[in-house]
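Remarks on the structure that follows.
FYI, side chains are in, hydrogens and waters are out, and symmetry mates aren't considered; it's all heavy atoms of this structure. Here is the naming used below: chain letters follow the sequence lines, and residue numbers restart at 1 for every chain.
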Amino acid sequence: MDLFEKRAMALALSLVLMFFGLIVYAAKGLQADLPTCLPNARLFKNGQMVEVGPNRYQVDAVAFMWSFDMGQGNTIKVPRGAVVDFYVTSRDVMHGYHIDKTLVNLMAIPGAVTYARAKFDEAGEYQIICHEYCGLGHQSMAGKVIVE
Amino acid sequence: MQTQAIPLKGATRFIILSELIIPFILLILGVLLGLYQVLARAGIIKSPDILGINYYQGLTLHGVINAVVFTTFFAVAFGNAIMLHQLRRPLKEGVQWASWVLMVGGTLMAAWAMLTGRATVLYTFYLPMVAHWTFYVGATLLLIGSILPYFLDWIPNTLAWRRENPNAKLPLAVLGNLINFTLWFLIILPLATTVLFQMLPLSLGLIQETNVLVSRTLFWFFGHALVYFWLLPSYIMLYTMLPKLAGGKLYSDPAARLAFLLFLLFSIPVGLHHQYTEGGLSSGWKLWHAFLTFMVALPSFITAFTVAASLEHAGRNNGAQGLFGWMSKLPYWNKEGDRWLFAYFISGLILFLFGGITGIVNASYNMNLVVHNTAWIVGHFHTTVGGLVTLSFLGMTLFLIAKLRGVEVKAKGLALAAPYLWMIGFVIFEIALSITGLQGAPRRSNLGISYLDPSQSHLYRGDWLFWSHIGAFGGMIAVIGFLAFTISLVGTLFAKPVRQPEVDFPIAEAVHEQPTPLVVNLRPWVTATLLLIVISYTYPLYESMTRGVLANAPGYRSEGNSLQPPQQPSEQTSLPK
């Protein structure tokens, strides 16, 4: 192989390794990590929201055709600055659980529990969008986080 | 390397021709449904269906036809033509007929299920949504049919060729094609496992429950390497034909071989990057798959370099001066001979720049949280499979039909305009969908009757409207390009023959030919590939069977028909006003 080719390959390799290094730093250093396996996940059949500490909440969300059950329907209200742990599952088919303007972007899988944490610093309404096709009513499957 | 045309008559000619024409007829429906979808997603059409076809039924047809049927048929037809032309050995008619009957029969079964609304499960057909059994059986027959020529025709022919030419280098196009179908065979296995042991029994009512997470893991074991199965025929064309059409030579033959082998190695153990946001799988393994996904970007970087170097070589051959002068000395609009095909490759390459960059974003582990299942993803794959892959496949379809019928390409002006219109349309579409994706617009959703319908005040997202309209505009330009192509293709299909039917390809010579030992011996590559698959999938599969799932969880059991709400009549979502 000629010199230019070797240089191009070395450059490409350095580039992807740099990207990967930055990703690992963001995941482990800045704590922007992905959902992981929860071997001891609790089984829940119904949604609920529990205040687990000062301005800290836990939400169990059950997705179903075509809404979310988070205790009191598809909407939750939290104060500004709240830290919320979301546990999400489905009781029928695959659904999505994407909270607008946050990094909470999860797949609701029957039989598995997935998890993400969000801190709501700004007051307002955050749409929760089902972004996985789940049947004819899919396009209207949504919920809301209201931050006061 | 063979560069002469080979005359072709009889059954083999009919089979290759029909393997190009049958999927194209379906593709017309697939593209028109795409037009409906882009209009519905912009809120221009506010309806759950068009001409009796439901939005999601249409989306299933659009995905299955465009991304599975059209691509698989083309890969087989192109593979047949390449092996025939490069090895100069006849194909076995019995094998070809068996393959043809399975593929056409399977496609008809699946098409019936989709058209009658019995398989509205999208092209990913995630469990526990269940389709009619004909959909699964049809898909399986299509896949089995597509792998037959590889085992019964191409491998025996390659071995026979090897015996006759013990010291010759395997032609580059043959190597690429064999690697592509080796990949295809390896990934059909996990897909067949979930289809035959989970989906089909569920659909027939033989079992009542199944593990959804395992099914998804097996599906994506197949699903990402699938995109390389689409891509490698395009890469064969870029390496072996584009340089010749441009008026030059392939810059480096060993680099091309290395790229194909790296695809074999890294294409498969990357599927977890489609499952980043799922519970039940450890984030450490997701990071490992992210790393391997970055590694599979390497052969694409190598390709970008080699193709650009080959084009520069061609430009300088054509009399270009200076550092960038070669860019203006390429046959962008040339009706002479087969040169028109260049337009399809160069347009596809421009789209692939967008596809490559957005693909690296998608692969980027935590960055995926911003774009997962949003319109961003739709923009991405319309510049990869909908870009380079579709354009090179369409161009080659027209090229092969003209050769196999012994005619000149008709309406060459339209055939030349088509790829540029398609490219411009999809650049606009890609930018628009990327932006709406970042704004949070979901993929796979009929936005016209929800988020972009002002009467649904609890859902309405006016901020998505502008860029959704721009996306629809881009989609319309692309469809106009497709119509231009269709006119040229139909003209070519019914033109009067002026030559004898033949298979011919413009195969380029290489500037750098000297073989590197690394790329000559294939055995270590195959061993490493299998090893990497075992390493990358053993633990995630174990996790999806045990640690990651709750066997008694609600919804673990399938609830039957895909379109009906399961038990309780679900209240339509209504938020407190």
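In plain terms, the two heavy atoms of M107(A) and R216(B) that are nearest each other are CE-NH2, 3.9 Å. Of all non-hydrogen atoms in S283(B) and P35(A), the two that sit nearest each other are CB-O, 4.0 Å. Listed here is the closest heavy atom pair of D33(A) and L369(B): O-CD1, 4.0 Å. When all heavy atoms of M129(B) and Y133(A) are compared, the closest pair comes out as SD-CE2, 3.6 Å. The minimum heavy-atom distance between N368(B) and N105(A), with the atom names listed, is O-ND2, 4.3 Å.
Between H372(B) and H98(A), the distance separating the two ring centers is not shorter than 6.0 angstrom.
Under the 4.5 Å side-chain criterion, counting only non-hydrogen atoms from C-beta, H131(A) is not in contact with S445(B).
Partners of W464(B) under the ring-ring contact (aromatic ring centres under 6.0 Å, His included) rule, at least two apart in sequence or in another chain, are Y451(B). Considering only residues two or more places apart in sequence or on other chains, Y460(B) meets the ring-ring contact (aromatic ring centres under 6.0 Å, His included) condition with none of them.
Proximity to chain A (any heavy atom under 4.5 Å) is restricted, for L258(B), to the side chain, taken from C-beta onward. With a threshold of 4.5 angstrom between heavy atoms, T124(B) does not approach chain A through any atom at all. There is no contact between Q275(B) and chain A, counting heavy-atom distances below 4.5 Å. Contact annotation for F291(B): both backbone and side-chain heavy atoms come within less than 4.5 Å of a heavy atom of chain A. Contact of Y126(B) with chain A is made through the side chain alone, with heavy-atom distances under 4.5 Å. With a threshold of 4.5 angstrom between heavy atoms, N54(B) approaches chain A through side-chain atoms but not through N, CA, C or O. Contact of L127(B) with chain A is made through the backbone alone, with heavy-atom distances under 4.5 Å. Proximity to chain A is limited to the backbone of L281(B), based on heavy atoms less than 4.5 angstrom apart. Neither the backbone nor the side chain of M367(B) comes within less than 4.5 Å of any heavy atom in chain A.
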Next item on the list: Go through V370(B) and L103(A) one step at a time and tell me if the side chain to side chain contact (heavy atoms under 4.5 Å, CB included) criterion holds.
Entry: CA-CA 6 Å; V370(B) 183; L103(A) 288 184; 3.7 Å; yes

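For the residue pair Y251(B)/D2(A), the side-chain donor-acceptor check at 3.5 Å is satisfied. For the residue pair T114(A)/E278(B), the side-chain donor-acceptor check at 3.5 Å is not satisfied.
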